[in-house]
Amino acid sequence: MSATEKASPDVNAGFDPTKPIDPSRALVPSVMRLNEQRVAKGFWPKFRKVVSHVPFASEALSVWYCAKDDDTPTAAKGMMLAALAYFVLPVDFVPDFIAGLGYTDDAAVFTALLGVVGRNLKPRHREAAKRDIAKMRED
């Protein structure tokens, strides 16, 4: 193959970088579905296990409530689900079992996420998270 030939000539067919991406051509919906499945399966078991060990528990639960809210924009939900999936998945940049450091990467992900989409977190999400964390810590 020469340098001017493409391995997949149809990859950019019809793509105009000055126009918005056509959602039917984007991978985002399938990635969002996968992250949503991972979060649905693993969030609550992991959260209950670590709620008293992670200082960002309230933020994580607020993000979960916001991601489940129908009023949250799809793009924000996608980023929130990605952060929650990272929290849930056992493979981390810094493994969670390392005492003192295990959740620093997760905290960094949530800090960055809140900087980008934090305005979508409503007082009702934060209040529900605080209420539910207080109940869990009582039990």
Side-chain angles (χ1 to χ4, degrees):
M1 177 176 356
S2 73
T4 57
E5 293 179 74
K6 288 185 183 178
S8 302
D10 296 335
V11 169
N12 290 322
F15 177 71
D16 181 352
T18 62
K19 294 182 180 176
I21 296 174
D22 176 7
S24 67
R25 294 181 51 98
L27 294 176
V28 173
S30 62
V31 171
M32 273 186 64
R33 278 193 301 276
L34 179 60
N35 284 339
E36 196 166 18
Q37 291 167 357
R38 288 176 174 155
V39 171
K41 181 179 178 184
F43 180 76
W44 282 110
K46 180 157 187 179
F47 189 79
R48 284 187 180 99
K49 185 169 80 171
V50 302
V51 67
S52 61
H53 304 294
V54 294
F56 59 92
S58 183
E59 288 82 4
L61 191 52
S62 296
V63 167
W64 187 85
Y65 285 129
C66 190
K68 302 300 266 176
D69 190 337
D70 291 337
D71 293 336
T72 302
T74 302
K77 280 185 184 189
M79 288 185 261
M80 290 174 185
L81 289 169
L84 290 166
Y86 185 79
F87 173 67
V88 167
L89 291 175
V91 179
D92 272 1
F93 185 69
V94 179
D96 293 341
F97 62 83
I98 298 175
L101 295 176
Y103 290 102
T104 55
D105 58 328
D106 298 276
V109 167
F110 279 101
T111 300
L113 172 77
L114 293 175
V116 175
V117 297
R119 68 182 175 276
N120 292 289
L121 284 173
K122 306 294 185 226
R124 66 179 179 266
H125 303 134
R126 294 181 192 277
E127 290 165 10
K130 287 179 185 175
R131 180 192 65 235
D132 290 348
I133 287 172
K135 283 182 191 175
M136 285 181 210
R137 290 183 175 159
E138 287 174 4
D139 295 338

In the structure I gave you, are the side-chain heavy atoms of Asp70 and Lys77 within less than 4.5 Å of one another anywhere? yes
Contact between Trp44 and Leu61 at the side-chain level, heavy atoms closer than 4.5 Å - yes or no? yes
Closest heavy-atom pair and its distance - Ala85, Asn35: CB-OD1, 3.5 Å
Roughly how far apart are Leu113 CG and Tyr86 OH, rounded to 0.5 Å? 13.5 Å
Would you mind reporting whether Phe87 and Val50 have side-chain heavy atoms less than 4.5 Å apart? yes
Side-chain touch Lys122/Asp71, heavy atoms, less than 4.5 angstrom: no
Any Thr111 side-chain heavy atom under 4.5 Å of Glu59 side chain: no
Are Met32 and Val116 connected in a single hydrophobic cluster, I mean Ile/Leu/Val/Met/Phe/Trp/Tyr linked by side-chain heavy atoms less than 4.5 Å apart? yes
Min side-chain heavy-atom separation Asp106-Val54 under 4.5 Å: no
All heavy atoms of Asn120 vs all of Pro73, minimum pair found to be OD1-CD, 3.3 Å
Nearest 0.5 Å, please: how far is CG in Leu121 from SG in Cys66? 4.5 Å
Which distance, rounded to the nearest 0.5 Å, do you find between the OG of Ser62 and the NE2 of His125? 8.5 Å
Connected via hydrophobic side-chain network under 4.5 Å: Leu84 and Met136: yes
Run the salt-bridge test on Arg124 and Asp69 with the 4.0 Å N-O cut-off and return the result as yes or no. yes
Inspect the surroundings of CZ in Arg137 and state if more than 12 heavy atoms from other residues, nucleotides or ligands are less than 6.0 Å away. yes
Rounded to the nearest 0.5 Å, the CZ atom of Arg33 sits from the CG atom of Leu81 at a distance of 12.5 Å
Non-hydrogen atoms of Tyr65 and Ala129 that approach each other most closely: CE1-N, 3.7 Å
So, for Val51 and Ala57, which heavy atoms are closest and what is the spacing to 0.1 Å? O-CB, 3.8 Å
Working to the nearest 0.5 Å, report the span between CZ of Phe110 and CE of Met80. 10.0 Å
